[in-house]
A.B. asks: 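Before I ask anything, here is the structure I am working with.
By convention in this document, chain letters (A, B, ...) are assigned in the order of the sequence lines, proteins followed by strands, and residues within each chain are numbered from 1. In this text the structure is predicted, and so the values were computed from the model without any measurement.
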Amino acid sequence: TPLKSIKLSGFKSFVDPTLITLTSNLTAIVGPNGCGKSNVVDAIRWVIGESSAKNLRAESMADVIFNGTTNRKPVGQASIELTFDNTDGRLSSEYAKYNEISVRRILQRDGQSQYFLNGTRCRRKDILDIFLGTGLGPRSYSIIEQGMISRIIEAKPEDLRVFLEETA
Amino acid sequence: TPLKSIKLSGFKSFVDPTLITLTSNLTAIVGPNGCGKSNVVDAIRWVIGESSAKNLRAESMADVIFNGTTNRKPVGQASIELTFDNTDGRLSSEYAKYNEISVRRILQRDGQSQYFLNGTRCRRKDILDIFLGTGLGPRSYSIIEQGMISRIIEAKPEDLRVFLEETA
Amino acid sequence: TRAKFKETFDQVNQTFEAYFPKIFGGGQACLELTGDELLDAGISVKAQPPGKRNTSIHVLSGGEKALTAIALVFSLFQLNPAPFCILDEVDAPLDDANVGRYCNLVKAMSEKVQFLFISHNKIAIEMAKQLCGVTMHEPGVSRMVAVDIDEAIAMAES
Amino acid sequence: TRAKFKETFDQVNQTFEAYFPKIFGGGQACLELTGDELLDAGISVKAQPPGKRNTSIHVLSGGEKALTAIALVFSLFQLNPAPFCILDEVDAPLDDANVGRYCNLVKAMSEKVQFLFISHNKIAIEMAKQLCGVTMHEPGVSRMVAVDIDEAIAMAES
Ligand SMILES: Nc1ncnc2c1ncn2[C@@H]1O[C@H](COP(=O)(O)OP(=O)(O)OP(=O)(O)O)[C@@H](O)[C@H]1O
Ligand SMILES: Nc1ncnc2c1ncn2[C@@H]1O[C@H](COP(=O)(O)OP(=O)(O)OP(=O)(O)O)[C@@H](O)[C@H]1O
Ligand SMILES: [Mg+2]
Ligand SMILES: [Mg+2]
């Protein structure tokens with residue numbers, strides 16, 4: 001499976017370090033309303049470079065950091081790490097030579113996001129470059145958010161064109 | 001039951017004269033995707049005065065008239081009639097003295113809508129007046145369209161105020 | 001007038017504060033005025049599901065938003081019960097436990113209000129006292145069909 | 001460039017024209033360019049469910065729109081299969097027969113593409129080869145739980 005695992009910590013309702021290992025091409029995430037399923041989707045879009053808080057159902061980017069429950073205090077940092085299997089070399093750029101690529105994003109309450117590629121600090125642009133041309137990106141057709149499926153065909157013609165050009 | 005029956009003819013996918021009689025306070029409309037359930041809701045909003053084609057999933061008002069299938073030709077007129085039980089006198093204006101009130105709207109391809117109250121031609125405004133203050137109207141909180149339930153709480157504060165004022 | 005608006009606001013808010021914990025099994029919610037001037041202030045919604053700290057509706061999940069909105073609509077109905085209420089698949093985002101809570105609320109209100117609702121969910125269909133089936137045996141042409149509960153459920157499933 | 005865009009457009013359109021009747025059990029659909037100048041023309045969707053005459057997407061029902069959009073997304077995937085595909089309750093507006101068709105399409109594509117999907121629908125959950133449960137035993141705190149198929153269905157229902 002291209003995406004091997006998702007590590008969440010301090011991100012939205014996933015306050016405790018959590019590892020989700022993906023072992024098949026057909027993985028279902030299930031659970032009652034409000035338990036945190038769509039937060040996992042937000043985590044994936046955030047780590048691959050989503051820069052708009054509004055697109056993450058947040059009012060400011062700091063809102064993605066766990067901000068407490070009736071029994072727990074807020075924490076100071078959110079961190080998400082995705083690990084990809086790159087043995088087929090599909091993910092581009094100079095990292096193509098690695099069999100495994102990990103992408104990580106960390107945000108503290110006071111500041112900027114930090115991005116890491118295989119443990120080494122990098123820029124947001126480096127993360128976007130890796131996925132360039134693969135059809136994957138924070139707002140691409142490969143991630144369909146809750147309630148948005150029909151918007152694709154209701155989109156304005158010029159917006160649908162942008163969608164298609166991403167495929168090229 | 002306040003609403004006793006809905007008569008549809010030539011309206012969207014209800015090309016043949018159809019009578020739906022409501023015999024309980026808990027009526028479910030069921031059927032597969034695309035069979036015409038939401039068209040019944042559109043029919044009710046249309047006859048009580050909805051004037052925007054866009055709010056009826058139509059590009060122009062003539063689009064509510066049955067426009068054919070692979071085996072049937074389009075028809076020239078759409079007609080919807082609602083019959084209300086008014087024995088409790090809740091529906092206002094000079095019609096309050098009738099035990100039963102029927103509201104009808106007819107549209108032909110070439111022109112204006114015609115409204116009828118208990119069989120007598122009237123204006124759109126007369127229909128709106130009947131329901132004034134009852135909480136019922138083409139866009140009131142008493143008719144929730146498909147996919148719109150969450151929009152009520154996502155509405156701008158000034159729009160939510162309008163909703164509330166309708167209740168007063 | 002100011003007094004009339006304030007009175008309506010307070011009444012709906014009171015009902016909303018009472019309904020929310022009923023439909024969520026706990027938590028709290030309220031309406032807030034966005035300005036001091038009563039004549040033009042807007043209204044915003046605060047909602048806090050049980051055990052959670054957030055009150056902004058933007059962080060709510062799909063199901064939580066739908067349930068909060070249902071509680072608000074029913075609060076408006078309590079104050080001024082329109083002759084009937086039409087609900088078109090409002091239960092689509094809900095898991096079955098919440099569909100159950102939604103049905104309990106609808107059943108309780110159906111003593112005062114006539115409901116006409118559309119759903120593909122078996123639990124919601126089972127609360128109906130009257131079932132109206134719609135088919136398109138002839139493609140593109142809607143026709144009403146009498147159905148019993150088993151047929152209705154089968155229809156929702158096919 | 002013009003040629004590149006036209007080639008991509010034609011390929012996606014061809015796949016979309018082929019997928020639509022598969023997922024709807026008939027009918028037809030296509031993409032149309034909204035202008036003559038290839039460099040800035042927009043794209044609009046035409047869809048005609050089986051037996052119907054309308055081609056505008058505005059008159060489609062909630063379920064028909066979702067199904068048409070799914071066919072389009074999968075056509076984009078056929079041309080350029082991204083490493084994975086995430087679907088968050090795209091089956092919510094569908095009746096069970098259409099959920100079945102959607103699942104068949106996902107299963108067929110899962111040979112080339114990794115799917116991560118969220119659903120409350122039993123039929124969709126049953127197609128999964130891996131199940132990840134999410135709970136909030138501690139209110140407000142999400143935790144992953146191992147679940148089997150019966151637990152997963154029970155979870156979707158509670
Ligand atoms: N920064 C944060 N800190 C703590 N909790 C948060 C934070 N941001 C969001 N949440 C919580 O996450 C919950 C929403 O989770 P999510 O949208 O993933 O639910 P879901 O499982 O998708 O539910 P549904 O089935 O209704 O769509 C909200 O109740 C919200 O309180
Ligand atoms: N003027 C018209 N003439 C003929 N058919 C029409 C007309 N307007 C709409 N339709 C048809 O009505 C159908 C949509 O019906 P409707 O939205 O009521 O379905 P639904 O039962 O609510 O389905 P879902 O469960 O997917 O929401 C469309 O397929 C469309 O072709
Ligand atoms: Mg969700
Ligand atoms: Mg519908």
A.B. asks: Using the side-chain contact (heavy atoms from CB on, under 4.5 Å) rule, take B:Val30 and C:Val134 through it: C-alpha gap first, then chi angles, then the decisive distance, then the call.
C.D. replies: CA-CA 6 Å; B:Val30 292; C:Val134 186; over 6 Å; no
A.B. asks: Out of B:Gly36, B:Gly135, B:Ser142, which one racks up the most heavy-atom pairs below 4.5 Å with chain C?
C.D. replies: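 Among B:Gly36, B:Gly135, B:Ser142, the one with the most close pairs to chain C is B:Ser142.
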A.B. asks: If you apply the rule side-chain hydrogen bond (donor to acceptor under 3.5 Å, both in side chains), what do you find for B:Thr27 with C:Gln130, and how did you get there?
C.D. replies: CA-CA 5 Å; B:Thr27 303; C:Gln130 180 192 9; 2.8 Å; yes
A.B. asks: Side chain from CB out, backbone as N, CA, C, O: work out which of these in C:His58 comes under 4.5 Å of a heavy atom of chain B, or both, or neither.
C.D. replies: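 C:His58 has no heavy atom closer than 4.5 Å to chain B.
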A.B. asks: Flag the one option from B:Thr1, B:Leu3, B:Thr21 with the top tally of heavy-atom pairs under 4.5 Å to chain C.
C.D. replies: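 Highest number of pairs under 4.5 Å: B:Leu3.
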A.B. asks: Could you tell me whether the side chain of B:Ile29 reaches within less than 4.5 Å of the side chain of C:Phe117, counting heavy atoms only?
C.D. replies: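 They are not in contact (no side-chain heavy atoms under 4.5 Å apart), so the answer is no.
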A.B. asks: Check the orientation of C:Phe77 and B:Tyr141. Use parallel for under 30°, tilted for 30 to 60°, and perpendicular for over 60°.
C.D. replies: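 Because their plane-to-plane angle is over 60°, the rings of C:Phe77 and B:Tyr141 count as perpendicular.
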A.B. asks: Mind checking the CG-SG spacing from B:Leu136 to C:Cys85? Nearest 0.5 Å is all I need.
C.D. replies: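 Rounded to the nearest 0.5 Å, the CG-SG separation comes to 10.0 Å.
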A.B. asks: For C:Thr34, which atoms come within 4.5 Å of any heavy atom of chain B: side chain, backbone, both, or neither?
C.D. replies: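 For C:Thr34, the contact with chain B is made by the side chain alone.
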A.B. asks: Measuring heavy-atom distances to chain B, does C:Ala92 have an atom under 4.5 Å in its side chain, in its backbone, in both, or in neither?
C.D. replies: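 For C:Ala92, neither part sits under 4.5 Å from chain B.
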A.B. asks: Hey, mind stepping through B:Asp16 and C:Arg143 against side-chain contact (heavy atoms from CB on, under 4.5 Å) and telling me if it holds?
C.D. replies: CA-CA 8 Å; B:Asp16 296 332; C:Arg143 209 179 286 293; 3.3 Å; yes
A.B. asks: Taking the six-membered ring of C:Phe5, is the NZ or CZ of B:Arg161 close enough (under 6.0 Å from the centre) and on axis enough (within 45°)?
C.D. replies: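 Flagged: B:Arg161 positioned over aromatic ring of C:Phe5.
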A.B. asks: Select one option (side chain, backbone, both, neither) describing which atoms of C:Glu138 are under 4.5 Å from chain B's heavy atoms.
C.D. replies: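 Just the side chain, heavy atoms under 4.5 Å.
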A.B. asks: Measuring from atom CG of C:Leu60 to atom CD1 of B:Ile153, what distance do you get when rounded to the nearest 0.5 angstrom?
C.D. replies: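 Here the rounded value is 6.0 Å.
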A.B. asks: About how many Å separate CD1 of B:Ile144 and CD1 of C:Ile70, when rounded to the nearest 0.5 Å?
C.D. replies: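 Going from the CD1 atom of C:Ile70 to the CD1 atom of B:Ile144 covers 9.0 Å.
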A.B. asks: Rounded to the nearest 0.5 Å, what's the gap from CD on C:Glu89 to CE on B:Met148? Could you check?
C.D. replies: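 Between C:Glu89 CD and B:Met148 CE, I get 14.0 Å after rounding to 0.5 Å.
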A.B. asks: Please classify the contact of C:Pro139 with chain B as side chain, backbone, both or neither, using a heavy-atom distance under 4.5 Å.
C.D. replies: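 For C:Pro139, backbone heavy atoms alone lie under 4.5 Å from chain B.
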A.B. asks: Report which part of C:Val141 has an atom under 4.5 Å of a heavy atom belonging to chain B: side chain, backbone, both, or neither.
C.D. replies: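 Contact with chain B is through both the backbone and side chain of C:Val141.
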